[in-house]
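None of the values given here were measured: they were computed from a predicted structure. In this chain, numbering begins with 1 at the start of the sequence shown.
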Amino acid sequence: MNKSIPCIDSPTSPTQRSASLLGLLALVCAALLLVALPAQAQAKPEEIIRQSTDRVFEGLRTRASEFNADEEVLLAFIRQELGPTLDTAYTGRLVLGRHSRGADEAEVTAFAEALQENLLRRYGTALLTVDPNTAVQVRASQPMRDGTVERVRTEIRRPSGAPIPVDYLFRERNGQWRVFDVIVEGVSYVQTFRNQFDPLVREKGIAGVTRDLREGRIDVDPEL
């Protein structure tokens, strides 16, 4: 069993009642999907999950007092460890859905980066409340779409409460595996945030929503 951090909870799951757990779930999904995991040449998707989360947990164990004293140091650590290796524009397009059709690439990327920053700042300190005995068990890895997509099935095990099933969807791009969606208890991260942002983008457009995210006028909420 390998230590890890779970991702965003199902909107209908009883576990969403725990504020600290909810914050943790939302943060890690933001990190995995909008910042992404570190580039690891030839690494298999399940190994990427294990290695990346192990490094984050080690940092939290050894630098907790430093992170508690300065939020910016914590955010810098998360960015450094998870690394900007995902195709941010692609992930942004998934969240924006139909609104991304014909949209400028730079506009979509700006939206994705603003959403990432909003989530990191809102939930960053929640990482410090996670029980270090929380762990993940990688249960299976299933190739899809002729091997270009990999679905890694894991189970989050907490010191108390039932295990939480979490599936990571990877796609291979330029010889590297990168996360593009996370499914928790049957609920897709991408679909959850697409539902939240759809009416906002219809009202204000992508640029308007991006501006509101950057200026803190939109409260990103995974509980839909």
> At what distance, to the nearest 0.5 angstrom, does OG1 of Thr210 lie from CG of Leu96?
Replying inline: 7.5 Å

> How about Val190 and Phe180: do any of their side-chain heavy atoms sit closer than 4.5 Å?
Replying inline: no

> Within a strict 4.5 Å, meaning less than it, do heavy atoms of the Pro165 and Glu155 side chains meet?
Replying inline: no

> With a 4.5 Å limit on heavy-atom distance, are the side chains of Thr154 and Glu46 in contact?
Replying inline: no

>> Distance check, rounded to the nearest 0.5 Å: Ile218 atom CD1 versus Lys204 atom NZ?
In response: 5.5 Å

>> In the structure I gave you, are the side-chain heavy atoms of Tyr168 and Ile48 within less than 4.5 Å of one another anywhere?
In response: no

> What closest approach, in Å, do Ser100 and Val108 show between heavy atoms, and which atom pair accounts for it?
Replying inline: CB-CG2, 4.5 Å

> Around atom CZ of Arg217, are there more than 12 heavy atoms of other residues, nucleotides or ligands at under 6.0 Å?
Replying inline: yes

>> Restricting to non-hydrogen atoms, name the atom on Tyr189 and the atom on Asp181 that form the minimum distance, rounded to 0.1 Å.
In response: N-OD1, 3.3 Å

> So Phe77 and Phe67, would you call those rings parallel, tilted or perpendicular, with 30° and 60° as cut-offs?
Replying inline: tilted

> Does any non-hydrogen side-chain atom of Glu66 lie less than 4.5 Å from one of Asp70?
Replying inline: no

>> Working to the nearest 0.5 angstrom, can you tell me the gap between Gln176 CD and Arg178 CZ?
In response: 5.0 Å

>> Glu172 vs Thr148, test: side chain to side chain contact (heavy atoms under 4.5 Å, CB included). Steps then yes/no.
In response: CA-CA 6 Å; Glu172 188 176 13; Thr148 60; 5.5 Å; no

> Quick one: are Arg202 and Arg98 in side-chain contact, heavy atoms under 4.5 Å?
Replying inline: yes

> Minimum heavy-atom separation for Ala112 to Gly92, with atom names?
Replying inline: CB-CA, 3.9 Å

> Under 4.0 Å between a Lys/Arg side-chain N and an Asp/Glu carboxylate O for Asp198 and Arg194?
Replying inline: no

> Do the side chains of Glu105 and Arg93 get nearer than 4.5 Å, heavy atoms only?
Replying inline: yes

>> Is the shortest side-chain heavy-atom distance between Leu213 and Phe111 below 4.5 Å?
In response: yes

